Asks: 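The structure follows.
Every value quoted in this text rests on a predicted model; they were computed, and no experiment measured them. As the structure lists them, so they are numbered: ligands from 1, and atoms in each ligand from 1.
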Amino acid sequence: MKKVLYTLLLLLPLTAGASGGGIELESADIDLSDSASLERGAKHYVTYCLGCHSAKHIRYKRIALDLKLDEGEILKNVAPLGAGIYDQMHSAMNGHDAEKWFGTTPPDLSLIARSRGADWLYSYLKGFYSEPGKPTGVNNAIFKDVAMPNVFWQLQGTQTAVTKIVDGQEVITDLKLVEAGQLSPEEFDKLVNDLVNFLVYVGEPVQLERQQMGKYVLFFILMFIALAYLLKKEYWKDVH
Ligand code: HEC
């Protein structure tokens, strides 16, 4: 046991070092009870991401059920034209084209919030900065040399990297907006946050149900304690 503890202690500085140096992750504001945010997020996903990334683990039907939306509404407002209510969120792009264009296939994003975390996603989507030498014209402060273009360049505007030299290596310390986009920085943050909120929901749709269920379970436990207490009083009242 001691050995395990010592090993863990030894590893501590390593994990601390891994997070130091570069740019810090920003916190996403995740609220799965905010159905309006989730609906906006779903819409943004279809508009800006579905062209390249599928989210095969979720169907439009399930989104409609969970967000308490009308099926017609979800097909009209969220799903791409021609999609059916029982369809999964399929991307129109095929792997062969993707290989040709990006040198890699854009991954399915159903579980991305669980593997990367909400803050990572939020920072990644806000982390594109101009680097003219790149095939896409951008690089990313969180995912260096990523093959994905900045799909939000018109909305967000153009960012450049602020760097400094640490131990002879150039590290990014901040990103600066040098050319405004169609949205203000606050509006853009909200759009990205809604999108990440949706991806967190897609990672585990049953979360919504579970949180609802939790309230009933707690209520039941409290009622049960009260009943058990009354029963105990009844049983013991003559034993004295
Ligand atoms: C034009 C195609 C395209 C669009 C549109 C697009 N992406 Fe990507 N994305 C890619 C490619 C290609 C990669 C793989 C990059 C790599 O591995 O270098 C990628 C990678 C990613 C990753 C990293 C996955 C990992 O390896 O952990 C995330 C997260 C991501 N995209 C999210 C999004 C989101 C969210 C949207 C919508 C706002 C979006 N992408 C829109 C092409 C696209």
Asks: Could you list which atoms of ligand 1 come closer than 4.0 Å to a heavy atom of L121?
Replies: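 Answer for ligand 1: 29 (C).
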Asks: List the closest protein heavy-atom neighbour of atom 28 (C) of ligand 1: residue, atom name, distance to the nearest 0.1 Å.
Replies: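 Atom 28 (C) of ligand 1 sits closest to the protein heavy atom Y124 CE2, 3.4 Å.
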Asks: Flag yes if more than 12 heavy atoms outside K100 fall under 6.0 Å of its NZ atom; otherwise flag no.
Replies: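 Counting other residues, nucleotides and ligands, NZ of K100 exceeds 12 neighbours.
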Asks: N/O to N/O below 3.5 Å, does that happen between T105 and ligand 1?
Replies: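 Among all N and O atoms of T105, none is under 3.5 Å from an N or O of ligand 1.
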Asks: Determine, using ring centers only, whether F152 and F188 are less than 6.0 Å apart.
Replies: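 Yes, close enough.
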Asks: Atom 38 (C) of ligand 1: which of G41, A113, A147, C49 has the nearest heavy atom?
Replies: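 It is C49 whose heavy atom sits nearest to atom 38 (C) of ligand 1.
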Asks: Counting from 1, what ligand 1 atoms have a heavy atom of L125 closer than 4.0 Å?
Replies: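 The atoms of ligand 1 under 4.0 Å from a heavy atom of L125 are 34 (C), 35 (C).
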Asks: Identify the closest protein heavy atom to atom 23 (C) of ligand 1: which residue and atom is it, and at what distance?
Replies: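 Here the closest protein heavy atom is F143 CE1, 3.9 Å.
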Asks: On a heavy-atom basis, I'd like to know which of L109, V146, L195, T136 is closest to atom 32 (C) of ligand 1.
Replies: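 Selected option, by shortest heavy-atom distance: L109.
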Asks: Just say parallel, tilted or perpendicular for the rings of Y48 and H44, cut-offs at 30° and 60°.
Replies: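 Geometry flag for H44 against Y48: tilted rings.
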Asks: Between the side chains of S123 and E26, is a donor N or O closer than 3.5 angstrom to an acceptor N or O?
Replies: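 No, no side-chain donor-acceptor pair sits under 3.5 Å.
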Asks: Backbone, side chain, both or neither: what part of I112 comes under 4.0 angstrom of ligand 1, heavy atoms only?
Replies: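 It is the side chain that gets close, since no backbone atom is under 4.0 Å.
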Asks: Judged by non-hydrogen atoms, does F152 sit under 4.0 Å from ligand 1?
Replies: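 Flag set, F152 near ligand 1.
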Asks: Donor-acceptor check, side chain of R40 to backbone of D194, threshold 3.5 angstrom: yes or no?
Replies: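 Checked: no pair found.
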Asks: Just checking K134: does its NZ atom have more than 12 heavy atoms from other residues, nucleotides or ligands closer to it than 6.0 angstrom?
Replies: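 It does: K134 NZ has more than 12 such atoms within range.
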Asks: Carefully, step by step, assess D189 and K126 under the rule salt bridge (Lys or Arg N to Asp or Glu O under 4.0 Å).
Replies: CA-CA 8 Å; D189 285 359; K126 290 180 60 184; 2.9 Å; yes
Asks: Identify, for atom 14 (C) of ligand 1, the protein heavy atom at the shortest distance, and state residue, atom and that distance.
Replies: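 In this structure, atom 14 (C) of ligand 1 has T104 CG2, 4.0 Å as its nearest protein heavy atom.
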Asks: Would one find an N or O of R116, backbone or side chain, under 3.5 Å from an N or O of ligand 1?
Replies: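 Right, the criterion is met.
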Asks: Please report which non-hydrogen protein atom sits nearest to atom 3 (C) of ligand 1, along with the residue it belongs to and the distance in Å to one decimal place.
Replies: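 The answer is C52 SG, 2.7 Å.
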Asks: Going by atom types alone, do D34 and N197 pair a side-chain donor with an acceptor below 3.5 Å?
Replies: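 Absent: no donor and acceptor within the cut-off.
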Asks: We want to know whether D66 and Y201 form a side-chain donor-acceptor pair, criterion being a heavy-atom distance below 3.5 angstrom.
Replies: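 A pair is found: one side chain offers a donor N or O, the other an acceptor, under 3.5 Å apart.
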Asks: Please state which protein non-hydrogen atom is closest to atom 13 (C) of ligand 1 and give its distance, to 0.1 Å?
Replies: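 For this ligand atom, the closest protein heavy atom is M148 CB, 3.9 Å.
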Asks: Number the atoms of ligand 1 from 1 as they appear, then name those within less than 4.0 Å of a heavy atom of Y48, with their elements.
Replies: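 Those atoms are 5 (C), 37 (C), 38 (C), 41 (C).
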Asks: Around atom 8 (Fe) of ligand 1, find the nearest protein heavy atom and jot down its residue, atom name and distance.
Replies: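 Nearest protein contact, heavy atoms only, for atom 8 (Fe) of ligand 1 is H53 NE2, 2.0 Å.
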Asks: Does S54 reach the main-chain N or O of H90 with its side chain, forming a donor-acceptor pair under 3.5 Å?
Replies: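 No; judged by distance alone, with no hydrogens or angles, the pair does not exist.
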Asks: Using a 4.0 Å heavy-atom cut-off, which part of Y45 comes near ligand 1: side chain, backbone, both, or neither?
Replies: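 Neither part.
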Asks: Which one holds for P107 and ligand 1: side chain close, backbone close, both close, or neither close, with close meaning a heavy atom under 4.0 Å?
Replies: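 Within the 4.0 Å criterion, P107 contacts ligand 1 through side-chain atoms alone.
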Asks: Does K190, at its NZ atom, have more than 12 non-hydrogen atoms belonging to other residues, nucleotides or ligands within less than 6.0 Å?
Replies: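 Incorrect, the count does not exceed 12.
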